[in-house]
Amino acid sequence: MSKDLFGYCGLYCGGCRVYQATQAGKPEHYEDGSPMVCTGCRSQGPVAVWCDTQCSIKNCCREKGLENCLACAENPCEQMKGF
């Protein structure tokens with residue numbers, strides 16, 4: 001397992017079906033026909049739309065400059081409790 005594929009929340013991006021389909025070159029598609037592609041939430045490449053724009057955990061870690069929630073003094077916070 002690549003440590004680069006562990007998300008900010010602690011989930012393993014390598015286990016995600018969108019990530020797996022991207023790696024296999026067979027991305028699934030959104031209702032509008034656009035491809036669902038993801039190279040992992042911490043990657044510099046394309047990231048699934050929800051994970052890239054709406055994940056409050058990812059946004060929080062980035063704002064605090066943290067690798068993941070385990071490095072946060074506030075863990076477990078309300079976001080993680082709800083997760």
Side-chain angles (χ1 to χ4, degrees):
M1 279 192 228
S2 169
K3 83 171 203 163
D4 292 337
L5 290 178
F6 281 97
Y8 293 96
C9 63
L11 291 179
Y12 184 62
C13 293
C16 172
R17 67 182 176 90
V18 176
Y19 174 84
Q20 292 172 358
T22 300
Q23 295 304 301
K26 299 176 183 177
E28 297 181 27
H29 292 81
Y30 293 103
E31 290 179 10
D32 68 1
S34 61
M36 284 186 213
V37 293
C38 191
T39 55
C41 77
R42 294 179 52 202
S43 74
Q44 298 301 313
V47 177
V49 173
W50 188 91
C51 296
D52 193 39
T53 62
Q54 297 178 30
C55 179
S56 60
I57 294 170
K58 177 180 179 175
N59 292 334
C60 181
C61 285
R62 283 186 163 180
E63 287 171 11
K64 293 179 178 181
L66 301 173
E67 186 172 322
N68 58 48
C69 288
L70 293 175
C72 185
E74 297 174 40
N75 186 34
C77 67
E78 289 303 312
Q79 291 181 72
M80 286 304 290
K81 288 178 185 176
F83 183 67

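Both backbone and side-chain heavy atoms feed into the values below; hydrogens, waters and symmetry mates do not.
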List the atom pairs, donor and acceptor, that lie under 3.5 Å between side-chain atoms in residues 71-83 and the rest of the protein, sequence neighbours left out.
residue : atom : partner : partner atom : Å
Glu74   : OE2  : Lys64   : NZ           : 3.2
Gln79   : OE1  : Ser56   : OG           : 2.7
Gln79   : OE1  : Ile57   : N            : 3.4

Would you compute the distance between atom OG1 of Thr39 and atom CG of Leu5 and round it to the nearest 0.5 angstrom? 9.0 Å
For residues 31-50, which residue pairs pass the salt bridge (charged side-chain N to carboxylate O under 4.0 Å, His left out) check, not counting sequence neighbours? Arg42-Glu67
Below 3.5 Å, can you tabulate the donor-acceptor pairs from side chains in residues 14-25 to any protein atom, sequence neighbours excluded?
residue : atom : partner : partner atom : Å
Arg17   : NH1  : Glu28   : OE1          : 2.2
Arg17   : NH1  : Glu28   : OE2          : 2.9
Gln20   : NE2  : Gly14   : O            : 3.0
Thr22   : OG1  : Val18   : O            : 2.9
Thr22   : OG1  : Cys38   : N            : 2.9
Thr22   : OG1  : Cys38   : O            : 3.4

Shortest non-hydrogen contact between Cys69 and Cys9, atoms and distance: SG-CA, 4.4 Å
Of all the heavy-atom pairs spanning Cys41 and Cys13, show the shortest one and how long it is. N-SG, 3.5 Å
Distance-only donor-acceptor pairs under 3.5 Å for side chains of residues 45-55, two or more places apart:
residue : atom : partner : partner atom : Å
Trp50   : NE1  : Gln54   : OE1          : 3.3
Asp52   : OD1  : Lys58   : NZ           : 3.4
Thr53   : OG1  : Val49   : O            : 2.8

